[in-house]
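Written out below as structure tokens is the structure these notes cover.
Predicted model only: the values in this text are computed from it and were never measured.
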Amino acid sequence: MTSERIRPLLVERGRALGFDDIRITRADAALHLPERLDAWLAQGRHGAMEWMAVDPGRRAAPVRLWGEVRSLILCGINCPPLDDPLAAVADRRRGVISAYAQRRDYHDVIKGRLKELAGFLVARTGCDVKVFVDTAPVMEKPLAAAAGLGWQGKHTVLASRRFGSWLMLGAIFTTLEFEPDASEKDRCGSCRRCLDICPTQAFPAPYQLDARRCISYLTIEHKGHIPPEFRAAIGNRVFGCDDCLAVCPWNKFAQAGREARLAIRQELVNPPLADMIGLDDAAFRTLFAATPVKRTGRDRFIRNVLIAVGNSGDCSLLPQVIRLLDDPSPLVRAMAVWALSRLSAAEAGRRVRTHVAQEPDEAVRTEWATVQAECRPASAP
């Protein structure tokens, strides 16, 4: 069966599998990618994501990844939040988890469906295929823009007239040659809401992201201690940040995807900080099983929760914070010190000498040194 005869059947099958949009582009469509990626890496804006700098030419050019590829099939699933993420940020006693992470891991969901769709294509044409969902060196967003699913907005995320900023993407590479779909033109205009709302000023210019300042990077990808200058701005965001997505005016035209409400786990929609701060590793794994949050691990997640606790002003959480001063993880201990000093400088001052004397980790000692500098230690009871 020829590519143009299979095309409508492919789209029909993809929609039956739950994809909200399916478009096709050539393997060499985004010729600007290598130059853009090299410039971004040269500025160090990838932070500690060293994997982004491994063979960037292969990442930026699909034909370098697979020499036989001729067409790219880009598929998107609409995943809007149940509630306004910006309203959730205002409730400081709750932790905000990014909308995409409130459901089953989209990597698993999309990859399974892509494999089914790719198998459908192979069975009818005999072509070769490869499937990718954000776990291989493929730059899905600019390729999806080239295919016409939308355009990369000033927030660098794909924006769509039909689905706003909430599309999750996957790609099928194929040896079959299709006539490409038309790309979508940039429709951001003079709007800069996504740039202006960023709490950490992670956009040095429109269409440019400095990941080192991005809350999503800091709370998900960053494995170490979060720099002090970003902690207050993180607020109560414990996994990711949707602010720049939530303010996109195209969201008002977005259709609610069939999967969005069905797949969301209600217990992950803005859970109380009091329910999360006490999670040990087993409880963390149980709560976040099969979600993107699980990949960060318990220690990094509790690090994030403690930052939210420190920003909450909720002194009822002090006993739990104090218990975490002796947690096995230095990531957790360091942020417990910070949270304690934010909730009660006097309590932090009373404990500083004892804990500094027994603390083996330099970063945690630095947090205690900040306490010493900012408040005069009280006498021990």
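Between E140 and L74, the shortest heavy-atom distance links the atoms O-CD1, 4.2 Å. When all heavy atoms of A308 and V238 are compared, the pair lying nearest together is CB-CG1, 3.9 Å. Closest approach of G153 to C188, counting heavy atoms only: CA-SG, 3.6 Å. Closest approach of I110 and G170 over heavy atoms only: CG2-CA, 4.1 Å. Contact detail for K252 and P249: the closest heavy-atom pair is CG-O, 3.0 Å. A289 approaches R265 most closely through the heavy-atom pair O-NH1, 3.1 Å.
The residue from K111, R295, K294 that alone fulfils the salt bridge (charged side-chain N to carboxylate O under 4.0 Å, His left out) condition with D105 is R295. For the side chain to side chain donor-acceptor pair (under 3.5 Å) criterion with N311, the lone passing option out of R231, R92, R342 is R342. Exactly one of N304, D243, T219 qualifies for a side chain to side chain donor-acceptor pair (under 3.5 Å) with R237. That residue is D243.
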task = Could you please spell out the steps behind the side-chain contact (heavy atoms from CB on, under 4.5 Å) verdict for V138 and W66?
result = CA-CA 11 Å; V138 176; W66 185 31; over 6 Å; no
message = Let's go through I264 and C79 carefully: what are the C-alpha distance in whole Å and the side-chain angles of both, what is the deciding distance for side-chain contact (heavy atoms from CB on, under 4.5 Å) to 0.1 Å, and is it a yes or a no?
response = CA-CA 9 Å; I264 284 179; C79 294; over 6 Å; no
request  = Kindly indicate, with the supporting measurements, whether the criterion side-chain contact (heavy atoms from CB on, under 4.5 Å) is fulfilled by R193 and I197.
outcome  = CA-CA 6 Å; R193 295 182 197 178; I197 199 171; over 6 Å; no
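Ion pairing of E347 with R350 is present here, as a side-chain N (NZ or NE/NH1/NH2) and a carboxylate O approach within less than 4.0 Å. Contact check on R285 versus D281 returns a salt bridge, with a Lys/Arg side-chain nitrogen under 4.0 Å from an Asp/Glu carboxylate oxygen. By the 4.0 Å N-to-carboxylate-O rule, R213 lies too far from D210 to be salt-bridged with it. For the pair R7 and E179, the salt-bridge criterion is not met [side-chain N within less than 4.0 Å of a carboxylate O].
Two residues are said to be in side-chain contact when any heavy atoms from C-beta on lie closer than 4.5 Å; C214 and L209 meet this criterion. For the pair R333 and D326, the minimum side-chain heavy-atom distance is 4.5 Å or more. A heavy-atom distance below 4.5 Å is found between the side chains of R298 and V332. Between I97 and F288, some side-chain heavy-atom pair lies under the 4.5 Å cut-off. V133 places a side-chain heavy atom less than 4.5 Å from the side chain of L114. Put simply, the side chain of F178 reaches to within 4.5 Å of the side chain of I73, judged on heavy atoms. With contacts defined as side-chain heavy-atom distances shorter than 4.5 Å, the pair R212/H222 does not qualify. Between K154 and F203 there is no side-chain heavy-atom pair separated by less than 4.5 Å.
A tilted orientation is assigned to the rings of Y100 and F239, their planes being inclined by 30° to 60°.
Here M335 contributes atom CE and D327 contributes atom CG; the two are 12.5 Å apart, rounded to the nearest 0.5 Å. One finds the CG atom of L331 at 14.0 Å from the CZ atom of F301 (value rounded to the nearest 0.5 Å). Note that CZ of F19 is 11.5 Å distant from CG of L167, once rounded to the nearest 0.5 Å. Here the NE2-CD distance, from H225 to E362, works out to 9.5 Å after rounding to the nearest 0.5 Å. To the nearest 0.5 angstrom, E367 atom CD is 11.5 Å from L325 atom CG. Considering OG of S312 and CD1 of I307, their distance stands at 12.5 Å, rounded to 0.5 Å.
The local environment of CD in E12 is sparse, with at most 12 non-hydrogen atoms from other residues, nucleotides or ligands closer than 6.0 Å. When the shell of 6.0 Å around CZ of R93 is examined, it contains 12 or fewer heavy atoms from other residues, nucleotides or ligands.
Using modelled atom types, one side-chain atom of T286 and one backbone atom of A282 make a donor-acceptor pair closer than 3.5 Å.
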